[in-house]
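To find a chain, count down the sequence lines: A is the first, B the second, and so on, and within it residues start at 1. Predicted, not measured: the structure shown is a model, and the values here were computed from it.
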Amino acid sequence: MPELPDVEVFRRYLSSTALHQQIDSVNVVESSILKGVSTSKLKKSLEGERFLSAERYGKNLFVETSGRYWLRLHFGMTGFLEYFKKHNDIRHVRVLISFKNGYKLAYVCQRLLGQVSFEKSVDDFVSANGLGPDAMQVKLKDFRNIVDGRSAIKSLLMDQKKIAGLGNIYADEVLFQSKVHPKAACSRLGDDKVKEIYKNISKVINYAIKKKADPSKFGKNYLLPRRSTSDKCPNCGGAIKKIKVSGRSSYYCPACQKK
DNA sequence: AAAATCACCTGTCCGC
DNA sequence: TGCGGACAGGTGATTT
């Protein structure tokens with residue numbers, strides 16, 4: 001689930017729920033989810049503190065604390081947050097933060113592909129990991145420079161070091177909206193197509209956020225709810241095709257999206 | 001240099 | 001009903 005739009009929805013969710021409440025206790029249920037921080041340090045550094053604000057960069061959620069660190073949450077393929085008072089049937093809770101007001105915030109991650117860490121700042125993490133510009137903030141000038149070389153356009157859109165935030169399904173959606181084949185070589189795209197892809201990145205992201213990143217709420221001209229070879233292209237009615245690009249399943253319309 | 005492969009994990013679905 | 005394999009919205013290391 002968690003690509004940029006999902007994480008942005010999580011950010012807004014956390015901002016409207018868990019901010020400003022004093023943390024009573026932290027329970028690390030599965031310590032293998034922690035990266036570069038021990039269970040005891042996480043507990044010691046969070047207990048008694050409060051969350052002050054929440055930011056997002058790419059697919060990462062950063063929560064500012066009243067202590068020394070920012071808490072970074074990455075959600076892998078299956079992560080999400082749940083804020084609740086009474087709830088006893090949530091599976092795969094990996095970190096549980098209890099607040100003095102009686103509520104709890106659960107970081108849930110079924111496949112353990114997510115990460116929880118402490119960072120000095122958002123900028124620190126971004127530069128240390130060489131992340132590209134956030135997909136919601138990137139300027140056309142910079143995007144033009146990024147789209148270069150022989151690589152397939154979809155691989156580039158998914159490369160977090162080039163542009164941060166898009167993943168497998170939103171990269172597919174952007175290319176579908178732009179009528180560009182996922183394997184099209186970057187260097188062979190005309191400037192008009194580059195501009196169209198650029199515009200569709202923000203268009204798709206903003207639309208998805210508005211729909212709470214829930215594909216079942218997407219309109220009929222979107223590919224996202226139709227990621228199946230038994231489905232039809234919403235534009236031309238042709239069959240949706242499935243291929244591998246960068247090892248990931250890619251759905252597209254061969255009639256509308258030519259190389 | 002880019003793409004394929006594998007590895008990390010858990011769960012579900014499909015075919016035999 | 002059971003079992004094996006493929007696959008799932010991420011990412012990093014290693015190999016072609």
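- Using a 4.0 Å heavy-atom distance criterion, Ser249(A) is classed as a sugar-phosphate-only contact.
- Following rounding to the nearest Å, His92(A) (NE2) and dC8(B) (P) show an atom-to-atom distance of 20 Å.
- At least one side-chain heavy atom of Cys236(A) sits less than 4.5 Å from a side-chain heavy atom of Cys253(A).
- Rounding to whole angstrom units, CD1 of residue Ile163(A) and P of dT11(C) are separated by 13 Å.
- As judged by a 4.0 angstrom heavy-atom cut-off over every strand, Glu3(A) is placed among residues touching the sugar-phosphate backbone only.
- Here the separation of dC7(C) from dA4(B), taken at their P atoms, is 15 Å to the nearest Å.
- Between Leu131(A) atom CG and dG12(C) atom C1' the separation is 13 Å, expressed in whole Å.
- When the P atom is used for both dT11(C) and dA1(B), the distance is 22 Å, rounded to whole Å.
- Side chain of Ser66(A) to main chain of Arg50(A): a donor-acceptor pair is present (N/O by atom type, distance under 3.5 Å, no hydrogens or angles).
- At a threshold of 4.0 angstrom between heavy atoms, the contacts of Gln160(A) are confined to the sugar-phosphate backbone, with no base atom among them.
- No more than 12 heavy atoms of other residues, nucleotides or ligands shown are found within 6.0 angstrom of NZ on Lys232(A).
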Asp191(A) and Arg144(A): CA distance, side-chain angles, deciding distance, salt bridge (charged side-chain N to carboxylate O under 4.0 Å, His left out) verdict
CA-CA 8 Å; Asp191(A) 189 56; Arg144(A) 278 201 180 104; 2.8 Å; yes
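- Straight-line distance from the CG atom of Leu113(A) to the P atom of dC8(B): 11 Å, rounded to whole Å.
- Under the Watson-Crick and G-U wobble criteria, each requiring two contacts below 3.5 Å, nucleotide dG9(C) is left unpaired.
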With the criterion being N/O to N/O and under 3.5 Å, what pairs connect the protein with nucleotides 2-6 of chain B, and how long is each?
unit_1 : atom_1 : unit_2    : atom_2 : d
dA3(B) : OP1    : Ala152(A) : N      : 3.0

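- Summarising the base pairing, dC9(B) is matched to no nucleotide, lacking a Watson-Crick or G-U wobble pair whose two defining distances lie under 3.5 Å.
- Residues Pro2(A) and Asn129(A) each lie close to DNA chain C; by heavy-atom proximity, the contact nearer the 5' end of the strand is made by Pro2(A).
- Comparing dA8(C), dG9(C), dC9(B) by their closest approach to the side chain of Tyr251(A) singles out dA8(C).
- Using P as the reference atom, dG9(C) and dC14(B) are 16 Å apart when rounded to the nearest Å.
- Within 3.5 Å, a donor on the side chain of Asp6(A) pairs with an acceptor on the base of dG9(C), or the reverse.
- Classified by interplanar angle (parallel below 30°, tilted 30° to 60°, perpendicular above 60°), the ring pair Tyr207(A)/Phe218(A) is perpendicular.
- No donor-acceptor contact under 3.5 angstrom links the side chains of Glu196(A) and Ser178(A), judged on distance only.
- Rounded to whole angstrom, the span from the CD atom of Gln115(A) across to the P atom of dC9(B) amounts to 13 Å.
- A donor-acceptor pair shorter than 3.5 Å can be found between the side chains of Ser117(A) and Glu119(A).
- At whole-Å resolution of the value, NZ in Lys35(A) and P in dT11(C) are 13 Å apart.
- Comparing atom distances between the Lys242(A) side chain and each of dG10(C), dC7(C), dC9(B) picks out dC7(C) as nearest.
- Residue-level contact check: Ile169(A) touches the bases, meaning some heavy atom is under 4.0 Å from a base atom.
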